[in-house]
Amino acid sequence: MDMLINGTAAPAADESWIDVKNPATGEYIDHVPRGSVADVDAAVDAAEDAFGSWSEKTMRDRGLILSRAADLVRRDHKDLAHLLTREQGKPLRESIDEVRGCANILEYYASIAGQPAGEAVHLGKAGDCLVTRVPLGVCGAIIPWNMPVIIMGWKVGPALLAGNTLVLKPASTTPLTNLRIGRLFLEAGLPAGALNIVTGPGESVGEALVRQARVKKISFTGNCETGHKIQKIAGDQLKALTLELGGSDPMIVMADADIPKAVEGALRGRFYNAGQVCTAVKRLYLHEQIAPEFMHLITVKVEAMKIGNGLLPETDMGPLNSQSQRDRITTVVTDINDREEGKILTGGSPVTGNDYANGFFYQPTLISDVSPDAAVLKKEIFGPVLPMVTVPDLRTAIREANRSRYGLGASVWTRDLSTVKEVFQNVHAGIIWVNRHLTIPPEVPFGGTNESGIGRENGFHALDSYTQTKTLFLGW
Ligand code: NDP
């Protein structure tokens with residue numbers, strides 16, 4: 001199935017299309033088809049037809065196509081980044097990072113083509129076994145709007161390298177850059193049908209993809225409630241799943257930390273992409289000895305941040321991606337105020353003024369004096385609001401860090417190796433950073449524990465998850 005992108009200058013005239021708008025300005029960008037269940041079925045037909053010839057290629061040949069796709073993403077990275085900023089809202093330099101990050105992932109998977117080996121098991125007189133890994137078949141990928149390009153790379157890279165074909169559903173507010181990259185795969189030589197993109201609402205198109213019995217695996221990134229729905233449907237069909245459902249990452253800053261460096265880490269960790277990152281710093285635990293200094297330094301930095309249209313070079317932080325995301329953040333801050341759960345040091349409301357009137361801007365917000373029992377710490381705050389908790393010691397910090405239903409990432413800022421050991425051994429998370437936060441290299445597995453999901457993206461772990469073993473038993 002080919003990928004559709006309308007490219008006309010006028011909004012769609014009827015309900016069979018979805019308009020995509022710039023969240024900074026409200027400007028219409030383009031429209032995409034509002035797909036249907038029949039479109040999902042047609043995409044699965046195309047993916048099934050393509051599976052035979054794609055899976056029969058050597059992994060090295062598939063890797064060469066991924067490598068060419070990576071080159072094309074790099075060639076077009078400025079245009080892609082521009083489009084991503086227009087539909088998603090993030091500052092252009094963050095879009096450039098993200099687009100290059102996608103190329104890095106495709107390149108990484110191309111580079112390991114041929115490395116995965118099977119096993120030979122000698123069973124004495126009974127015989128020998130040859131254990132190989134085979135692709136699953138047609139897989140489905142459901143992509144969110146916060147990091148649509150990098151997450152596309154996380155799913156498409158390993159799925160295609162392993163020999164599967166794919167049907168991908170982008171988020172309805174950010175389908176355009178995903179569609180453009182889909183076209184680049186065709187230009188790179190990917191056979192028609194190996195990668196199919198179906199646009200449309202999650203409740204109909206996304207759910208139809210999960211329900212499609214011929215889809216062998218779903219890889220989903222998005223919110224917990226959607227993840228639970230998907231798991232129920234997939235469970236009835238014994239469908240394989242990777243679920244990346246968000247987090248509420250704690251950042252712990254100890255008294256011996258390099259404070260200016262930790263302040264920079266918290267700024268980037270919380271306000272990158274306007275806070276709309278699954279592994280953003282969502283709870284900050286500050287040792288009481290350094291808490292006043294830390295809060296002073298970060299407040300000065302936050303108040304100096306430039307909020308605006310992501311296309312302007314001076315912009316540090318763009319808008320939230322949609323009205324509903326901004327409404328969620330407004331509710332979070334209203335609840336903090338109503339319940340007297342903390343003190344707003346800076347920010348705390350939507351940005352007003354003519355330049356912001358048609359966008360979904362929210363001020364970067366710092367909340368101090370948050371009690372460890374505050375309800376706000378139990379949520380995933382998917383926007384630019386940072387609650388800060390003062391703690392007397394490491395043991396308290398670790399206990400509080402673990403009081404969350406999530407377990408995606410966590411960071412500790414210290415110079416002391418024994419602190420690192422305590423945090424690594426006791427904090428529940430899929431990744432523990434030391435003196436940094438957010439970085440997710442393609443080489444290492446990424447994913448969470450508890451309500452943050454199941455399965456891993458990246459590295460050989462993701463590649464394995466798109467395969468199953470098949471054993472040849474040679475009885476002599
Ligand atoms: P969703 O989970 O609703 O959306 C993510 C993707 O799933 C989109 O492509 C969406 O399509 C699709 N989808 C929605 N409903 C279904 C369904 N029933 N079956 C299959 N697919 C579906 O996330 P939201 O947009 O509602 O984001 C809300 C919250 O989710 C955020 O505030 C944040 O807490 C969390 N989140 C976490 C992310 C992460 O990286 N971990 C990423 C994004 C969100 P469509 O766009 O058409 O609705």
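Note that ligands are numbered from 1 as they come in the structure, with each ligand's atoms numbered from 1 the same way.
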Asker: What's the shortest distance from atom 30 (O) of ligand 1 to any protein heavy atom, and which residue and atom give it?
Answerer: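 Looking at atom 30 (O) of ligand 1, the protein heavy atom closest to it is N223 CB, 2.5 Å.
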Asker: Between the side chains of R328 and T331, does any donor sit under 3.5 Å from an acceptor?
Answerer: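 No, because no side-chain N or O of R328 sits under 3.5 Å from a partner of the opposite role on T331.
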Asker: Between the side chains of Q88 and T174, does any donor sit under 3.5 Å from an acceptor?
Answerer: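 Note: Q88 and T174 side chains miss the donor-acceptor criterion.
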Asker: Where's the contact between S172 and ligand 1, heavy-atom distance under 4.0 Å: side chain, backbone, both or neither?
Answerer: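 Near ligand 1, S172 shows its backbone as well as its side chain.
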Asker: Among all protein heavy atoms, pick out the one at the shortest distance from atom 48 (O) of ligand 1; state its residue, atom name and that distance to 0.1 Å.
Answerer: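 In this structure, atom 48 (O) of ligand 1 has G202 N, 3.8 Å as its nearest protein heavy atom.
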Asker: Which is it for R456 and D464 under the salt bridge (charged side-chain N to carboxylate O under 4.0 Å, His left out) test, yes or no, and what are the steps along the way?
Answerer: CA-CA 10 Å; R456 295 291 181 260; D464 280 355; over 6 Å; no
Asker: Judged by non-hydrogen atoms, does Q276 sit under 4.0 Å from ligand 1?
Answerer: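 No, Q276 has no heavy atom closer than 4.0 Å to ligand 1.
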Asker: Given that the side chain starts at C-beta and the backbone is N, CA, C, O, which of these parts of E207 lies under 4.0 Å from ligand 1, counting heavy atoms, or is it both or neither?
Answerer: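 Contact part for E207 vs ligand 1: both backbone and side chain.
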Asker: At a 4.0 Å threshold, what atoms of ligand 1 neighbour a non-hydrogen atom of P201?
Answerer: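 Answer, ordered by atom number: 47 (O).
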Asker: May I ask you to identify the nearest protein heavy atom to atom 34 (O) of ligand 1, giving residue, atom name and distance to one decimal place in Å?
Answerer: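 Closest protein heavy atom to atom 34 (O) of ligand 1: E380 OE1, 2.8 Å.
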Asker: Starting from atom 5 (C) of ligand 1, find the nearest protein heavy-atom neighbour and note its residue, name and distance.
Answerer: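 Answer, as residue, atom name and distance: T221 O, 3.8 Å.
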Asker: Which ligand 1 atoms does R328 reach within 4.0 Å, using its non-hydrogen atoms?
Answerer: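 So the atoms of ligand 1 that pass are 26 (O), 28 (C), 29 (C), 32 (O).
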Asker: Compute whether any side-chain donor of one residue and acceptor of the other, for T25 and N358, lie under 3.5 angstrom apart.
Answerer: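 No donor-acceptor contact under 3.5 Å links the two side chains.
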Asker: Could E400 and R403 be called an ion pair, given the rule that one side-chain N must be under 4.0 Å from one carboxylate O?
Answerer: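 Between R403 and E400 there is a salt bridge, with a charged N closer than 4.0 Å to a carboxylate O.
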Asker: With a cutoff of 4.0 Å, is G200 in contact with ligand 1, counting heavy atoms of the residue only?
Answerer: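 Per 4.0 Å heavy-atom rule, G200 contacts ligand 1.
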Asker: Taking atom 40 (O) of ligand 1 as the point of reference, which of L168, T173, I329, N146 owns the nearest heavy atom?
Answerer: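 It is N146 that holds the nearest heavy atom.
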Asker: In terms of atom number and element, which parts of ligand 1 are under 4.0 angstrom from non-hydrogen atoms of F220?
Answerer: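 Matching atoms, with element in brackets: 2 (O), 6 (C), 7 (O).
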Asker: Using the six-membered ring wherever Trp is involved, compare the ring planes of Y356 and F361 and label them parallel, tilted or perpendicular (cut-offs 30° and 60°).
Answerer: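 Because their plane-to-plane angle is over 60°, the rings of Y356 and F361 count as perpendicular.
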Asker: Does the ring centre of W145 sit less than 6.0 Å away from the ring centre of F382?
Answerer: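 Yes, the ring centres sit under 6.0 Å apart.
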Asker: Looking only at side-chain N and O atoms, does S95 offer a donor or acceptor that is under 3.5 Å from a partner on T85?
Answerer: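 Yes, a side-chain donor-acceptor pair sits under 3.5 Å.
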Asker: Tell me yes or no: between the side chains of E107 and S67, is some donor less than 3.5 Å from an acceptor?
Answerer: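 There is no such pair between these side chains.
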Asker: Tell me which protein heavy atom sits closest to atom 12 (C) of ligand 1, plus the residue, atom name and distance to 0.1 Å.
Answerer: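 Of the protein heavy atoms, I142 CG2, 3.7 Å lies nearest.
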Asker: Identify the protein heavy atom lying closest to atom 11 (O) of ligand 1, giving its residue, its atom name and the separation to 0.1 Å.
Answerer: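 Answer for atom 11 (O) of ligand 1: K169 NZ, 3.1 Å.
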Asker: Is it the side chain, the backbone, both or neither of M147 that has a heavy atom closer than 4.0 Å to ligand 1?
Answerer: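 No part of M147 comes within reach of ligand 1.
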Asker: Tell me whether T226 has any N or O atom under 3.5 angstrom from an N or O of ligand 1.
Answerer: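 Yes; at least one N/O pair falls below 3.5 Å.
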Asker: Which residue and atom name correspond to the protein heavy atom nearest atom 43 (C) of ligand 1, and how close is it?
Answerer: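 Looking only at protein heavy atoms, the one closest to atom 43 (C) of ligand 1 is P144 CB, 3.5 Å.
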Asker: Between D76 and R183, is there a salt bridge with N-O shorter than 4.0 Å?
Answerer: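 The answer is no: the pair does not qualify as a salt bridge.
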Asker: Which residue supplies the protein heavy atom nearest to atom 24 (P) of ligand 1, what is that atom called, and how far is it?
Answerer: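 Nearest neighbour among protein heavy atoms for atom 24 (P) of ligand 1, to 0.1 Å: W145 NE1, 3.7 Å.
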Asker: When you compare the side chains of N22 and E27, does any donor N or O come within less than 3.5 Å of an acceptor on the partner?
Answerer: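 Checked: N22/E27 side chains pair up, N/O donor to acceptor below 3.5 Å.
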Asker: Does K90 come within less than 4.0 Å of E98, counting only side-chain N to carboxylate O?
Answerer: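 Counted as a salt bridge, because a side-chain N and a carboxylate O are separated by less than 4.0 Å.
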Asker: Can you list the atoms of ligand 1 that are under 4.0 Å from a heavy atom of C278?
Answerer: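 Every atom of ligand 1 under 4.0 Å from some heavy atom of C278: 39 (C), 40 (O), 41 (N).
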Asker: Sort out for me which residue in N146, T173, N273 forms a side chain to side chain donor-acceptor pair (under 3.5 Å) with N321.
Answerer: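 Only one option passes, and that is T173.
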Asker: Under 4.0 Å between a Lys/Arg side-chain N and an Asp/Glu carboxylate O for R214 and D45?
Answerer: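 Salt bridge present between R214 and D45.
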Asker: Taking 4.0 Å as the limit for heavy-atom contacts, which would you say applies to I143 with ligand 1: side chain only, backbone only, both, or neither?
Answerer: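 Contact part for I143 vs ligand 1: backbone (N, CA, C, O).
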Asker: Near Q325, which atoms of ligand 1 are under 4.0 Å from a heavy atom of that residue?
Answerer: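 Those qualifying, in numeric order: 27 (O), 28 (C), 31 (C), 32 (O).
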Asker: Polar contacts were defined as any N/O atom of the residue lying under 3.5 Å from an N/O atom of the ligand; does this apply to G246 and ligand 1?
Answerer: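 There is such a contact, yes.
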Asker: Looking only at heavy atoms, is any part of P170 under 4.0 Å from ligand 1, and if so is it the side chain, the backbone, or both, or is it neither?
Answerer: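 P170 to ligand 1: backbone contact only, side chain stays beyond 4.0 Å.
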Asker: Taking only heavy atoms of E244 into account, list the atoms of ligand 1 that are under 4.0 Å away from them.
Answerer: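 So the answer, numbered in order with elements, is 41 (N).
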